[in-house]
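See structure below.
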Amino acid sequence: MEQPKKNFELVSDKKTRVILPNTLTLIGVCIGLSSIKFALDLKYELAIIAIVFAALIDSLDGRIARLIKGTSKVGKELDSLTDVISFGVAPAFIMYFWSLNNLGKFGWLLCLIYVVCVVLRLARFNVSTNEEPSSWKDNFFIGVPAPAGGILVLMPLIYSLSEFELFNINFELIVPIFFAITSFLLISKIPTYSLKKIIVPRAMTIFLLFSIVLFFGLLLIYTFKMIILFSLIYLCFIP
């Protein structure tokens with residue numbers, strides 16, 4: 001009896017579902033590393049935009065993986081390694097090239113402390129995801145997540161590029177303070193909002209789509225002002 005022929009598949013459906021989110025994660029690595037190159041070339045506007053894009057990709061890859069059932073242990077570890085580069089190493093280098101190098105060895109020490117706090121925060125996150133979550137943890141992170149920390153630590157530079165002239169700021173004083181506060185928030189156990197479990201009613205879908213379009217439109221036109229505004233809103237919601 002002739003056996004039915006099997007269709008030749010270069011990559012199985014299951015592996016294809018895994019490849020897509022992991023590819024997005026690797027693109028985030030490339031964008032994070034590119035931000036360091038932009039900072040070396042003194043193109044700080046592009047460096048910040050690259051970090052923001054990396055944060056957007058980081059928020060999408062996990063959701064896409066869960067949506068298409070393409071989660072994997074490799075993807076989980078890859079995501080953490082990407083976060084260390086894009087939201088730990090890259091922002092530290094950007095701020096060092098812009099301001100902290102004026103503080104000499106102390107400026108470099110601040111960079112090291114910040115990156116170590118990012119690593120510790122991600123290590124704790126990986127361990128906690130293997131545990132049984134409490135009900136209140138469904139909508140919260142423990143401490144500030146790495147992408148938010150990467151943007152918060154860039155706030156003094158973003159402010160200087162936003163053309164706001166509300167305050168006369170001494171950046172040599174403010175930058176170390178932001179590094180210290182952000183490093184503490186990363187490794188703290190303060191609950192911070194997570195949008196992973198938020199359910200939008202069907203009747204509100206059109207308003208959600210309008211809000212997303214409005215947000216990205218404002219972000220394109222008033223890039224640095226919008227980053228400052230939403231970062232301040234985020235900080236206000238932490239308490």
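Please read these numbers as outputs of a predicted model, since none were measured by experiment.
Separation of atoms CG (L109) and CG (L100) is listed at 10.5 Å; rounding is to 0.5 Å. Rounded to the nearest 0.5 angstrom, E45 CD and L157 CG are separated by 8.0 Å. Atom CG of L186 sits about 12.0 Å away from atom CD1 of I181, to the nearest 0.5 Å. Here OG1 of T82 is found 6.5 Å from CG of L26. Values are rounded to the nearest 0.5 Å. How far OG of S160 is from CE of M155: 11.5 Å, rounded to the nearest 0.5 Å. Atom-to-atom distance recorded for L154:CG and I228:CD1 is 10.0 Å, nearest 0.5 angstrom.
Looking at T192, its side chain does come within 3.5 Å of a backbone N or O of G143 through a donor-acceptor pair. With S34 contributing its side chain and C30 its backbone, the two residues share a donor-acceptor pair below 3.5 Å. In this structure, K189 contributes its side chain and I142 its backbone to no donor-acceptor pair below 3.5 Å. Side chain of S86 to backbone of G28: a donor-acceptor contact under 3.5 angstrom is found.
Residue-environment remark: CZ (F97) exceeds the threshold of 12 foreign heavy atoms within 6.0 Å. For CD1 of I206, the number of neighbouring non-hydrogen atoms (other residues, nucleotides, ligands) closer than 6.0 Å is 12 at most. The neighbour count for F93 CZ, taken as heavy atoms of other residues, nucleotides or ligands under 6.0 Å away, does not exceed 12.
Aromatic ring orientation, Y159 versus F171: tilted (interplanar angle from 30° to 60°).
In the hydrophobic clustering of ILVMFWY residues, with side-chain heavy atoms under 4.5 Å counting as a link, M95 and L112 come out together. Using a 4.5 Å cut-off between side-chain heavy atoms of Ile, Leu, Val, Met, Phe, Trp and Tyr, with links allowed through other members, Y222 and L161 fall into the same hydrophobic cluster. Using a 4.5 Å cut-off between side-chain heavy atoms of Ile, Leu, Val, Met, Phe, Trp and Tyr, with links allowed through other members, F178 and F106 fall into the same hydrophobic cluster. L214 and L209 are not part of a single hydrophobic cluster, where members link through side-chain heavy atoms under 4.5 Å apart. One hydrophobic cluster, built from ILVMFWY side chains closer than 4.5 Å, holds both L232 and V52.
In terms of the ring pair (Phe, Tyr, Trp, His ring centres under 6.0 Å) criterion, F38 has no residue partners (sequence neighbours excluded).
Between G149 and T182, the closest heavy-atom pair is O-CG2, 3.5 Å. Contact between C111 and A92 at its shortest, heavy atoms only, is SG-O, 3.5 Å. Pairing each heavy atom of A50 with each of I31, the nearest pair is O-CG2, 3.0 Å. Heavy-atom minimum distance, L122 versus S80: CD1-O, 3.5 Å. Nearest heavy atoms, I174 versus P156: CG2-CG, 4.0 Å. Among all heavy-atom pairs drawn from I151 and S231, the shortest one is CG2-OG, 3.8 Å.
When side chains are defined from C-beta on, D79 counts as touching D58, because their heavy atoms get closer than 4.5 Å. Counting only heavy atoms from C-beta outward, the side chains of V89 and I36 approach each other to under 4.5 Å. The shortest distance between side-chain heavy atoms of W98 and V175 falls below 4.5 Å. Two residues are said to be in side-chain contact when any heavy atoms from C-beta on lie closer than 4.5 Å; F179 and V153 meet this criterion.
Under the side chain to side chain contact (heavy atoms under 4.5 Å, CB included) rule, V144 has a single partner from I187, I190, I238, which is I238. F215 pairs with exactly one of I212, L219, L218 by the side chain to side chain contact (heavy atoms under 4.5 Å, CB included) rule, that one being L219.
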- [ ] Kindly indicate, with the supporting measurements, whether the criterion side-chain contact (heavy atoms from CB on, under 4.5 Å) is fulfilled by I48 and T223.
- [x] CA-CA 10 Å; I48 292 170; T223 304; over 6 Å; no
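Sorted by first and then second residue, the salt bridge (charged side-chain N to carboxylate O under 4.0 Å, His left out) pairs with a member in residues 20-41 read K37-D41; sequence neighbours excluded.
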